[in-house]
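Below: one structure, written as structure tokens.
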Number of protein chains: 2
Amino acid sequence: MRRLVTLLPIRSARRRGAQLTPPQPRPRGHQRLESLDETARRELAEETGVEAGSLHLEQVGLYSAPDRDPRTPRVITCAYLAIAPNLPSPRAGSDARTARWSPVAETRELRLAFDHNQILADAVELARDQLQFRAIAPAFCQREFTIAELREVFEAVWGVSLDKPNFHRKVTDSPGFLVPTGRKRPTGNGRPATLYRAGPATALVPPMMRPSAPAS
Amino acid sequence: MRRLVTLLPIRSARRRGAQLTPPQPRPRGHQRLESLDETARRELAEETGVEAGSLHLEQVGLYSAPDRDPRTPRVITCAYLAIAPNLPSPRAGSDARTARWSPVAETRELRLAFDHNQILADAVELARDQLQFRAIAPAFCQREFTIAELREVFEAVWGVSLDKPNFHRKVTDSPGFLVPTGRKRPTGNGRPATLYRAGPATALVPPMMRPSAPAS
DNA sequence: GCAAAAGTGTTATACGTACACCCATGT
DNA sequence: ACATGGGTGTACGTATAACACTTTTGC
């Protein structure tokens, strides 16, 4: 089952610059100024071990309701959506002590603090939308992947099941989306699947339309 | 010609809460806490005279590159996109002293300070995308409008020309998008157009796909 | 009547969907 | 040989685009 969501605790979220009050001076010298995007990328790498290169990062939005944290007014959070393959479990003992993975289908049942359920819902919805038009699906996979693995990404994020033959055509016909590596991967049982890498295209043309009703 | 963009100066952008440093205490007492969305809505109303009710407001994004304002590091801006009809000219003598209107087609030629060209481009791109799927186009019009006026919105924002008959069907067939008022407006020359109001629908189904290449 | 703008009908084409079918491999 | 999963072909329904056509007004 594909896991897509990590939840970093509030304490960590504050330290990593997600809160927009001026940052505390860092203990060891040489405090280089960085954008929030860079901060999010660096801290996520530090806490989960994901190398920054293979990481698709995107702003979800700014959450600034004055009473969103009843303990302290004026806590403002900028939420990010990260897309990456093969994420390791959050490191025990790190800031992300209570971080965990959750399948997309179960995110609605989670009970998070403050407005984090809303933030998470917005992030999932953003991922679902982006998947239709942008060529970000390979970011969920290894550097080389099969069409079936790519299809599982769409099925997991959208919570639907897609027609295998039509999906195959759509992704292979989309210009610049996939480049075959020439290699094949034995499936153990059945014909081996050809391996692909992410192509140069940034958009998916024509778009992969998301079915309205969840299929069986 | 339809004008869509207002540019508020930096000085104003700071005071209205677009900068995310803790807000200065306001001179007259009773400083109610508000979210950034509320701040943007209130300040835009104060400076342009747009009543808050008929205003579609949306976050564009957060701009936090450390050197985006070379005079002061760490100036962070949350940009908003506002959609409203019939905007009056910015008030002389107000904070928005250098604010002005610009047609969408000419926004690429503008020379703005700092990263504001990028912010403006992002906002226009957001408006273009949203127009396809959300029922926000009537927010550009008066409370009652004709199909032709609605079509001019799409043509102005997208920079294309659309087929009149097909556009008419699409918008009238989209359930809950438009409600006819029963009244008609004489065009001066030709058959009078029936007037519509914005319907309850929030999404445009099916979406109004934006043509890829600009038509003649 | 004529011009002009609103609105309707009609047709060809493109697209997505469903599903039958073939291909390549392990046992 | 046969089961299994990868991949291709094909037919059908629906949506879109292009444009001819009708309707309603002012002059």
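Order of the sequence lines sets the chain letters (A, B, ...), proteins ahead of strands, with each chain counted from 1.
- Under the 3.5 Å distance criterion, the side-chain polar atoms of A:Thr107 are matched with a main-chain donor or acceptor of A:Val104.
- Computed from coordinates, the B:Ile147 CD1 to C:dG7 C1' distance equals 10 Å when rounded to whole Å.
- Remark: A:Asp163, A:Pro165, A:Asn166, A:Arg169, A:Lys170 in residues 163-172 of chain A come within less than 4.0 Å of DNA chain C through at least one heavy atom.
- Per the geometry, CG belonging to A:Leu162 stands 18 Å off P belonging to D:dG5, to the nearest Å.
- Ring planes of B:Phe133 and A:Phe133: tilted class, angle from 30 to 60°.
- The existence of a salt bridge linking A:Arg210 and A:Glu125 is confirmed by a sub-4.0 Å separation between a basic side-chain nitrogen and an acidic carboxylate oxygen.
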Stepwise side-chain hydrogen bond (donor to acceptor under 3.5 Å, both in side chains) test for B:Glu155 and B:Ser161: CA-CA 5 Å; B:Glu155 293 180 335; B:Ser161 83; 5.0 Å; no

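- Checked for salt-bridge contact, A:Glu144 and A:Lys184 miss the test: no charged N lies under 4.0 Å from a carboxylate O.
- The existence of a salt bridge linking B:Arg134 and B:Asp129 is excluded, since no basic side-chain nitrogen approaches an acidic carboxylate oxygen closer than 4.0 Å.
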Step by step, work out the ring pair (Phe, Tyr, Trp, His ring centres under 6.0 Å) result for B:Phe145 and B:Tyr196. CA-CA 5 Å; B:Phe145 52 88; B:Tyr196 293 85; 7.0 Å; no

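- A straight line from CE of A:Met209 to P of D:dT14 spans 18 Å, rounded to a whole angstrom.
- Between the side chain of A:Gln132 and the backbone N or O of A:Met209, no donor-acceptor pair lies under 3.5 Å.
- The interatomic distance linking B:Arg210 (CZ) with D:dT16 (C1') rounds to 18 Å, in whole Å.
- If you check residues 181-198 of chain B against DNA chain C, the residues with a heavy atom closer than 4.0 Å are B:Asn189, B:Gly190, B:Arg191, B:Pro192, B:Ala193, B:Thr194, listed by number.
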